Amino acid sequence: MAMSSKIYADWMKEIQDEKIKKILEHIQPQGRILDIGCGAGFLEKRLPNAHAVDIDLENLKKAGAKKVLASGDALPFKSRIFDTVFCIDAIHLMQNKEELERVLSGEGRAIVSTFCNEYSKQEKLRWLKSEFKNWKIQKEFFVGSGELDAVIVCNRYS
Ligand SMILES: C[S@@+](CC[C@H](N)C(=O)[O-])C[C@H]1O[C@@H](n2cnc3c(N)ncnc32)[C@H](O)[C@@H]1O
């Protein structure tokens with residue numbers, strides 16, 4: 001197992017699980033769900049029906065039932081088939097964000113977050129929104145304590 005995967009899965013477990021719990025308090029995921037960059041599957045523990053995608057096989061092994069070894073930059077799914085797409089602390093790793101948009105249904109929502117702290121949170125939120133500047137931002141908020149996540153919930157205009 002790569003060191004980074006193990007550290008992430010073990011050391012970050014409680015922090016990440018708490019942030020994900022808080023994110024889910026802000027939204028009610030609907031329909032078919034995709035998690036891009038699922039990591040060790042903390043979201044899938046709470047949403048076992050989510051399709052989980054990651055490039056790290058060791059991480060992916062822990063990620064629920066519907067796991068797919070693939071890159072968020074080239075998703076092996078038809079267009080517009082997911083109603084809710086998560087990308088938690090992984091959007092900065094994607095080169096091709098059009099893929100997220102491609103697989104999301106017309107009315108679908110994307111929940112995207114990036115880690116930050118008390119000092120960087122406003123700047124990180126601005127960056128996140130700039131990455132989705134052609135989208136309608138429905139909600140924006142922060143979760144966590146100490147290690148935070150800036151989160152946006154957004155959907156396309158058309
Ligand atoms: C910081 S972790 C976040 C994991 C998880 N979303 C969470 O909140 O616990 C980032 C994850 O993105 C994955 N990743 C990196 N590049 C990726 C890519 N191009 N496509 C899919 N996953 C990727 C990494 O393997 C890692 O598991």
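Whatever order the structure lists them in is the order used to number ligands and atoms, beginning at 1. What you are looking at is a predicted structure, and each value in this text was computed from that prediction instead of being measured. We're numbering straight along the sequence, starting at 1.
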Using a 4.0 Å heavy-atom threshold (strictly under), name the region of M94 that reaches ligand 1: side chain, backbone, both or neither.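 For M94, only side-chain atoms sit under 4.0 Å from ligand 1.
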Among the heavy atoms of I55, does any lie under 4.0 Å from an atom of ligand 1?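 Heavy atoms of I55 do come under 4.0 Å of ligand 1.
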Do D89 and ligand 1 have an N or O pair less than 3.5 Å apart?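 No: no nitrogen or oxygen of D89 is under 3.5 Å from one in ligand 1.
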Can you check whether I20 has an N/O within less than 3.5 Å of an N/O in ligand 1?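 So ligand 1 has no N or O lying under 3.5 Å from an N or O of I20.
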Are there over 12 heavy-atom neighbours, none belonging to K22, within less than 6.0 Å of that residue's NZ?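 Not buried by this count: 12 neighbours or fewer within 6.0 Å.
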Would E147 and K19 satisfy salt bridge (charged side-chain N to carboxylate O under 4.0 Å, His left out), going step by step from the backbone distance to the final call? CA-CA 9 Å; E147 149 111 19; K19 288 195 295 189; 2.9 Å; yes
For [X], the ligand 1 atoms whose distance to one of its heavy atoms is below 4.0 Å:
| X | answer |
| --- | --- |
| G72 | 18 (C), 19 (N), 20 (N), 21 (C) |
| C38 | 4 (C), 5 (C), 6 (N) |
| G39 | 4 (C), 5 (C), 27 (O) |
| L93 | 10 (C), 12 (O), 15 (C), 16 (N) |
| F42 | 9 (O) |
| I88 | 3 (C), 5 (C), 6 (N), 8 (O) |
| D56 | 25 (O) |
| Q16 | 7 (C), 8 (O), 9 (O) |

Is there a salt bridge (charged side-chain N to carboxylate O under 4.0 Å, His left out) between D83 and R32 once you walk through the steps? CA-CA 5 Å; D83 305 293; R32 284 168 67 98; 5.9 Å; no
Under the criterion side-chain contact (heavy atoms from CB on, under 4.5 Å), which of R126, M94, H92, K97 is the partner of E131?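 Among the candidates, only K97 passes.
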Please determine, by modelled atom types, if [X] and [Y] share a side-chain donor-acceptor pair under 3.5 angstrom.
| X | Y | answer |
| --- | --- | --- |
| N155 | E107 | no |
| D89 | Q16 | yes |
| R102 | S79 | yes |

If hydrogens are left out, which of V53, L57, T114, D54 has an atom nearest to atom 11 (C) of ligand 1, that is, the closest non-hydrogen atom?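 Considering heavy atoms of V53, L57, T114, D54, the nearest to atom 11 (C) of ligand 1 sits in D54.
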If I take atom CG from residue L69 and atom NZ from residue K61, how far apart are they, to the nearest 0.5 angstrom?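 With rounding to 0.5 Å, CG (L69) is 10.5 Å from NZ (K61).
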Indicate the ring-plane relationship of F141 and H26, choosing parallel, tilted or perpendicular according to the 30° and 60° boundaries.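 The arrangement is parallel - the two ring planes meet at less than 30°.
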